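All of these numbers come straight from a predicted model, not from anything done at the bench.
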Amino acid sequence: MKSITIKGSERESVGKVATKALRNAGAVPCVLYGGDQPVHFAADEKAFKTLVYTPNAHTVVIELGTKTYNAILQDIQVHPVSDRILHIDFFEVFDNKEITMEVPVKVTGVSPGVLLGGVLRLNQRKLKVKALPKNLPDFVEADITPLEMGNKLYVTKLASDKYKLLHPDNTVVAQVRISRAAMKAAQEAAKAAKAPVKGKKK
C-alpha cells in the first residue's frame, strides 16, 4: 500500500486555548494512539489533503523532528459547515502486528450481462481488510467478467492469501440488474410469443 508522509511537531499544551490557537494558525491538532503513550502533535492543514480528500487508502509516515512513526488514519472530525479538518486520530502500526482498515473496491473486466443491457450496481465501494502492514492492498479487485444478467458477485470470490476480508460470506459486492428497458423488451417478446399468428387457419 502507498504511504503518505506527514511532517509535524509535538504539542506541549493540549488544552482548549492551545488547540484553538493551532486551528487559527492553519494547523490541525492530532493524536497518535497504539504505542506505549498517546502522542499529541500538530501539522499544517494542507499536509492532509492527499490523505483525506481522496478515495484511495494510504498508510502514513508521521515525522515529528527526529522521531518517525508508521500509522493509519483512525478517525477524523470536520467542521459541519466549512468542512475544515478539526482533529485527526491516528493509530500506530508495527510490522509484526495485523491491522484492520477499509480499502476501496476496483472493478475490472467486462460483464456479459451489462453488454446485454443490464445495469451494474456496486454494493460495496470499500471493504474492511485485516493484514500485516506489508500485505495491505491498495484496493480489492472485483472481476465482473463472469456476471450474467441478474448475477451477483459475493465477497467470497475476492478472497486472498495475503489478507482477510472481514465481511459475512453472503455479502454482495456487485451485481448486474435487469434494466427497465431490458425487462420491457423481455415482456414484449413474451407477449409476442403467446399472441396468435394472424391469418393462421384453425
Exercise. Linking I/L/V/M/F/W/Y whenever any side-chain heavy atoms sit under 4.5 Å apart, do Val93 and Tyr33 land together?
Worked result: yes

Exercise. Could you give the distance from NE2 (His79) to CD1 (Ile85), rounded to the nearest 0.5 Å?
Worked result: 13.5 Å

For this session: Might you point out which heavy atoms bring Tyr154 and Val173 nearest each other, and give the distance in Å?
Result: C-CG2, 4.3 Å

Problem set entry | Beyond-backbone contact of Leu127 with Leu158, side-chain heavy atoms, under 4.5 angstrom | yes

Exercise. Is it true that a side-chain atom of Thr171 and a backbone atom of Pro168 form a donor plus acceptor pair closer than 3.5 Å?
Worked result: yes

Exercise. Any idea which heavy atoms bring Ala27 and Pro29 closest together, and the distance?
Worked result: O-CD, 3.9 Å

Problem set entry | Any Thr68 side-chain heavy atom under 4.5 Å of Val61 side chain | yes

Exercise. Please walk me through it: do Leu64 and Val39 pass side-chain contact (heavy atoms from CB on, under 4.5 Å)?
Worked result: CA-CA 10 Å; Leu64 305 177; Val39 178; 3.8 Å; yes

Exercise. Do Tyr69 and Met1 belong to the same hydrophobic cluster, where Ile, Leu, Val, Met, Phe, Trp and Tyr are linked whenever their side-chain heavy atoms lie under 4.5 Å apart, directly or via other members?
Worked result: no

Exercise. What do the steps show when you test Asn123 against Gln175 for side-chain contact (heavy atoms from CB on, under 4.5 Å), and what is the final call?
Worked result: CA-CA 8 Å; Asn123 299 59; Gln175 62 187 114; 3.0 Å; yes

For this session: State, with a plain yes or no, whether a side-chain heavy atom of Lys134 is found less than 4.5 Å away from one of Lys162.
Result: no

Problem set entry | Which atom of Met101 lies closest to which atom of His58, heavy atoms considered | CE-O, 3.8 Å

Problem set entry | His87 side chain reached by Val31 side chain, heavy atoms, under 4.5 Å | yes

Exercise. Quick one: does His40's side chain have a donor or acceptor within less than 3.5 Å of a partner on Glu12's backbone?
Worked result: no

Problem set entry | Path from Ile62 to Val28 over hydrophobic side-chain contacts below 4.5 Å | yes

Exercise. To the nearest 0.5 Å, what is the distance between NZ (Lys49) and CD1 (Ile4)?
Worked result: 13.5 Å

Exercise. Should Lys2 and Asn56 count as side-chain neighbours, where that means a heavy-atom distance under 4.5 Å?
Worked result: no

Problem set entry | Verdict with supporting geometry, Ile76 and Val52, side-chain contact (heavy atoms from CB on, under 4.5 Å) | CA-CA 9 Å; Ile76 182 170; Val52 176; 3.6 Å; yes

Exercise. Does some side-chain heavy atom of Val110 sit less than 4.5 Å from a side-chain heavy atom of Ile144?
Worked result: no

Problem set entry | Carboxylate-amine/guanidinium proximity below 4.0 Å for Arg23 and Glu45 | no

Exercise. What heavy-atom pair brings Phe91 and Gly34 nearest, and what distance separates the two atoms?
Worked result: CE1-CA, 3.7 Å

Exercise. Would Phe48 and Ile6 satisfy side-chain contact (heavy atoms from CB on, under 4.5 Å), going step by step from the backbone distance to the final call?
Worked result: CA-CA 7 Å; Phe48 298 102; Ile6 301 291; 3.9 Å; yes

Problem set entry | Val60 reachable from Ile72 in the ILVMFWY side-chain graph, under 4.5 Å edges | no

Exercise. Rounded to the nearest 0.5 Å, how far does CG of Leu115 lie from CG of Leu147?
Worked result: 11.5 Å

For this session: Considering non-hydrogen atoms only, spot the tightest contact between Val103 and Val140 and give its length.
Result: CG2-CG2, 3.5 Å

Exercise. Are Val176 and Val172 in one and the same hydrophobic cluster, where Ile, Leu, Val, Met, Phe, Trp and Tyr link if side-chain heavy atoms are under 4.5 Å apart?
Worked result: no

Exercise. Does Asn96 CG have over 12 foreign heavy atoms under 6.0 Å away?
Worked result: yes

Exercise. Would you say Asn24 has more than 12 foreign heavy atoms packed within less than 6.0 Å of its CG?
Worked result: yes

Exercise. Can you tell me how far CG of Leu153 sits from CZ of Arg121, rounded to the nearest 0.5 angstrom?
Worked result: 14.0 Å

For this session: Specify the closest pair of heavy atoms between Asn151 and Glu148, including all atoms of both residues, with the distance to one decimal.
Result: OD1-N, 2.9 Å

For this session: Calculate, to the nearest 0.5 Å, the distance between atoms CG and CG belonging to Asp161 and Asn135 respectively.
Result: 10.0 Å

Exercise. So, Asn70 side chain and Thr59 main chain: donor-acceptor pair closer than 3.5 Å or not?
Worked result: no

Exercise. Does any non-hydrogen side-chain atom of Met149 lie less than 4.5 Å from one of Arg177?
Worked result: no

Problem set entry | salt bridge (Lys or Arg N to Asp or Glu O under 4.0 Å) involving Glu92 - partner list, sequence neighbours excluded | none

For this session: Taking the side chain as every heavy atom from C-beta outward, state whether Cys30 and Phe90 have any atom pair closer than 4.5 Å.
Result: yes

Problem set entry | Rounded distance [0.5 Å steps], CD in Glu102 versus CG in Leu166 | 10.0 Å

